[in-house]
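Whatever order the structure lists them in is the order used to number ligands and atoms, beginning at 1.
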Amino acid sequence: MLRRLLAASLCAAFALAAIPSEAQTPSPSAPAPSQPQAGGTLNVYNWSDYIDPYAVSRFQQETGIRVRYDVFDSLETLEGKLSAGRSGYDIIVPTSEPTFARLARANALLPLDRSKISNWGNQDPALLQRVAASDPGNRFGAVYLYGTIGLGIRTDRIRAVFPDAPLDSLDLLMRPENAHKLARCGIAVMDSAIDVLPSVLRWLGRDPNSTETADLRAAEEALLAIRPHVRAIIPSGNIMDALATGEYCVAMTYSGDVIQAQARAREAGRGVEIGYVQPKEGAQLWFDMLAIPADAPNPDAAHAFINFLLRPDVMAGITNHVRYPNAVPAATPMVDEAVRNDPNVYPTPEMLTRTFAVTSLAPAAERARSRSWNRFKAGR
Ligand code: N2P
C-alpha cells in the first residue's frame, strides 16, 4: 500500500515538474489503485504558460491517459508545425482568427463529436456565438481562454525615468520620442507578425485587417522608426520571466502573460512593479480554441481532455493559474476574487467596446506581412 501511495505521489510530482516542457508522465506500470485503465497517450500542443499543471496531472490520474505536452509561443510556430501534416498532436490551441479559421477551412481539423463532450453546454452561448464567425455551427472547436494584446510595463521604473509617460496608450511604445526615452530601461516586442501588426495598424488609425500595400508600408515605417530603441524581438514565452525580473520597462505581449509576470514580481518582493496597458486606441481581442487535428492519433483521448477542461472546477483552476478568462460561467465563482475582479483579466464591458477582432487574410497578404516583419526584425 505504502509503495503504491509513494509511486502515485511521485508520478504526480513528476508530472508537475515536467510541464510545460515535454512531459513524461506516470508510468502505466504503477497506476493508482482507483485509476481506470483507459490507457493510451494524449499529445498536447499548447501555448507556453497556458495551463494549470495540476489540471494535467489530475486528468492523467482520473483517466489513466498519459499526457505528452509540448509548447509553442506564436501562431507562426503552430502553423509551421501543422502545415506539414502529421504533427502527431491530438490537441492544439489555435487562436480563432486567423489560425483556427484557416485550419478549419483547410479541412485540417476533426469535427468534434459532442456526444463525447457532455460538458459542452458549460460554455457561454454568447462567446460560442462570437467564435462561430470563424467556425459556423461551432463544429471544430471549444473555447479555451481569451484575452487582449497590449503592453506590459514596469511602472516603478517608468515613473522614475519618464514621469509624464502616457500609460494608457500604444503611444508609449510607438511614438519614437517615447521609445527613445525608454530604450535604456528596455523595450521588448513579441516576435509575431500575426499578433503585432494588427495593433500597429489600429494605432495608426487604419484597418487592422487591411491588405492595402499603403497601410502595410505605414505600419512597417512606424515599426522601423522605433526599431533603434527596441532591445529585443523575442518569443512571447521569453517575455514573461524577463518582465517579472525587471529586465524590460515596456513589452508588447498577451494580457494574461503580463498579469502572470505581475504576480511573479510581487512574489519575488524585489520592488519590481508590473502593470498592463490595454491600448485606448483599440486592443486586439482574441479567443483560443481547443481543437483536434484531422489526423490526430488519439481522438478519443482528445475528446476526453476537452470534456475535462470544460469542467467548471478545472477551468477555475486554470484561470487562477494563468490569469486569462475562460468561457465557462459556472467557473467564475471559483476563480479567486482578486483575479475575477481584475479588469485586465476579465475586461469590463466598457473595455470590451475598445477592442477589435482580426480576420484571416489571403495567403499573399499574409506573406507580405511576414516580409515586413522580417525587415522590422532586421532593422531595414
Ligand atoms: C500564453 C499565450 C496566450 C495565448 N503564454 C495568446 N493567444
Only heavy atoms of [X], strictly under 4.0 Å: list the atoms of ligand 1 that pass.
{"X": "Thr95", "answer": "7 (N)"}
{"X": "Asp257", "answer": "1 (C), 2 (C), 5 (N)"}
{"X": "Ser48", "answer": "1 (C), 5 (N)"}
{"X": "Asp288", "answer": "4 (C), 6 (C), 7 (N)"}

So, do Tyr324 and Trp47 have ring centers that fall under 6.0 Å from each other?
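Aromatic pair excluded; centres sit 6.0 Å or further apart.
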
Run through Asp113, Ile91, Asp90 and flag the one making a side chain to side chain contact (heavy atoms under 4.5 Å, CB included) with His303.
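Checked Asp113, Ile91, Asp90 against His303; only one passes side chain to side chain contact (heavy atoms under 4.5 Å, CB included): Asp113.
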
Quick check: does any side chain N or O of Asp336 sit under 3.5 Å from a backbone N or O of Ala338, one acting as donor and the other as acceptor?
no

Carboxylate-amine/guanidinium contact Arg375 Glu220, below 4.0 Å:
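So Arg375 pairs with Glu220 through a salt bridge.
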
For the student: nearest non-hydrogen atoms of His321 and Pro53, plus distance
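Taking every non-hydrogen atom into account, NE2-CD, 3.5 Å.
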
Heavy-atom gap Ser236 to ligand 1 smaller than 4.0 Å:
no

Give the residue, atom name and distance (to 0.1 Å) of the protein heavy atom nearest atom 3 (C) of ligand 1.
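Among all protein heavy atoms, the one nearest atom 3 (C) of ligand 1 is Tyr324 OH, 3.4 Å.
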
